[in-house]
Amino acid sequence: MTNSAKISINGKDIEAPVKSGSIGPDVVDIRKLYAQTGAFTFDPGFMSTASCESAITYIDGDEGVLLHRGYPIGQLAEESSFLEVCYLLLNDELPTKDEFSKFTHTITRHTMLHEQLATFYRGFRRDAHPMAVMCGVVGALSAFYHDSTDITDPEQRKIASHRLIAKMPTIAAMAYKYSVGQPFVYPDNRLSYAGNFLKMTFGVPAEEYVVNPAIEKAMDRIFILHADHEQNASTSTVRLAGSSGANPFACIAAGIACLWGPAHGGANEAALNMLREIGHPDRIPEYIARAKDKNDPFRLMGFGHRVYKNYDPRATVMQQTLREVFDALKINDPVFEVAIQLEQMALNDPYFIEKKLFPNVDFYSGVILSAIGFPTEMFTVLFALARTVGWVAQWNEMISDPEQKIGRPRQLYTGPVQRDYVPISQR
Ligand code: CMC
């Protein structure tokens, strides 16, 4: 017998089918609820709503598990590479050697931007936030690459996906170069994905740029850790935009706009600022006390998560990466000691234990990115660069789904009921 949920509402009793995934909570399929009962469900923050079916990423927040196509994030970060993870997210399975070399070749050959886009950058003010530039330039890609905007053609969808993944480091590095007034550095296809990005960001035409292998590895790992995170706000934005049939470049630009918000992509900057403000381990108790004080709005930035009620598995890898970067660059920054000790104190504090507040991916990432040399405005840009593959994979999955419909939520209306228009002379 198939599982079902009994719902009684408006004097009607219906049985809604209950569907099970391969793992994770069951879902009550309420698609026919309105037709059968005249009632909607109400879940504004999607606290109990699965917005789609997906086979890409799985999160168990209670256990602190993150899987891409079944593979644990820790194993991917340790043993795989960002481009291999991209292939996995786009294609269900890990690539064979041959498949991977073809994929790497394709991505590498798409790294250059249409030259006219360089002119497009010059339309922005020098002090524009690089995320504003990212929204504009990525949205504008649809004006430059018409031949990959027919979303009904799987081949064009594939080309658009490859273009986006390949060009995003070039676009991000150019946004940075423009903001510091340095010349754009063209991609160097002899380098790895991460190495190329580092060169385009920190290299200058006047000098040879030598990629530091430890930083290249750290960068690649940071990209892996941000590659996808199931139906978060920006991914849901991309899906919603794409559900209307909008072209992929416009959809990814929508995702970037959503990611920009401080509650989503901007928390690593806040965590770094907090650690710098604390400045010395002696001051940690004062900040922990503030975080626990109901009358103080201060929160420990980089702690807590809507889904993870356990250690965010990405934070574990970030902590290790932080050590590697500091060792490679011989950095002796007190912020590292503050972060380690703050984490330990919070993890042993009854308030954080009871509320299940653990470090999230943002706790350490800002410190690492700053050590590598990125200004804080670039942190969210790096997140967008890495998340592009997740957005693209989720967008492709949605478009390929035969049951796909335009996303069109309903509402609980609380405004005035119908009334007659009053001419302005009588108001
Ligand atoms: N420091 C102190 N107390 C906290 C914190 C924190 N960082 N986070 C949550 N709490 C408390 C909160 O005061 C509340 O207490 P009470 O039940 O007594 O009112 C309880 O824990 C639950 O918090 P919530 O805000 O209802 O939980 P949420 O799931 O809506 O919020 C969160 C999750 C990430 C917004 C929140 O934990 C937070 O503000 N953390 C700091 C910002 C941060 O690190 N954000 C990065 C998120 S991960 C990156 C991403 O997904 O983009």
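All ligand and atom numbering here is 1-based and tracks the order in the structure.
Closest non-hydrogen pair, Phe298 versus Met274, comes out as CZ-SD, 3.7 Å. Across all their heavy atoms, Leu83 and Phe103 have their closest contact at O-CE2, 3.3 Å.
Taking a 6.0 Å sphere around CD of Glu286, one finds it holds more than 12 heavy atoms contributed by other residues, nucleotides or ligands.
For the residue pair Glu216/Ser192, the side-chain donor-acceptor check at 3.5 Å is satisfied. No side-chain donor from either of Thr106 and His162 sits under 3.5 Å from a side-chain acceptor of the other.
Taking only nitrogen or oxygen atoms, main chain and side chain alike, Leu300 reaches within less than 3.5 Å of ligand 1. Residue Gly302 has at least one nitrogen or oxygen atom sitting less than 3.5 Å from a nitrogen or oxygen atom of ligand 1, judged on distance alone. At under 3.5 Å, a nitrogen or oxygen of Phe303, whether backbone or side chain, sits near a nitrogen or oxygen of ligand 1.
Using a 4.0 Å heavy-atom cutoff, Lys294 is listed among the residues neighbouring ligand 1. Residue Leu357 places a heavy atom under 4.0 Å from ligand 1. Residue contact annotation: Phe363 has no non-hydrogen atom under 4.0 Å from ligand 1.
A salt bridge between Asp62 and Lys309 is absent, with no side-chain N of the basic residue lying under 4.0 Å from a carboxylate O of the acidic one.
Those atoms of ligand 1 that come under 4.0 Å of a heavy atom in Ala267, given as number and element, are 43 (C), 45 (N), 46 (C). Distances below 4.0 Å separate heavy atoms of Gly304 from the following atoms of ligand 1: 34 (C), 37 (O). Taking every non-hydrogen atom of Asp362 and a distance limit under 4.0 Å, the qualifying atoms of ligand 1 come out as 46 (C), 48 (S), 49 (C).
Regarding atom 52 (O) of ligand 1, its nearest protein heavy-atom neighbour is His264 O, 2.5 Å. Counting protein heavy atoms only, atom 30 (O) of ligand 1 is closest to Arg306 NH2, 3.3 Å. Closest protein heavy atom to atom 42 (C) of ligand 1: Met301 CE, 3.3 Å.
At a 4.0 Å heavy-atom cut-off, ligand 1 touches Lys355 through the side chain alone.
Pairs passing the salt bridge (Lys or Arg N to Asp or Glu O under 4.0 Å) check and including a residue from residues 342-361, sequence neighbours excluded, read Lys292-Asp349. A ring pair (Phe, Tyr, Trp, His ring centres under 6.0 Å) check over residues 18-38, counting only residues at least two apart or in different chains, returns the pairs Tyr34-Phe40.
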Given the rule in the side-chain contact (heavy atoms from CB on, under 4.5 Å) test, do Trp391 and Arg239 qualify, once you have shown the distances and angles that lead to the verdict?
CA-CA 8 Å; Trp391 291 330; Arg239 280 188 178 256; over 6 Å; no
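Distance check for atom 22 (C) of ligand 1: every protein heavy atom is found at 4.0 Å or beyond. Protein heavy atoms are absent from the space less than 4.0 angstrom from atom 27 (O) of ligand 1.
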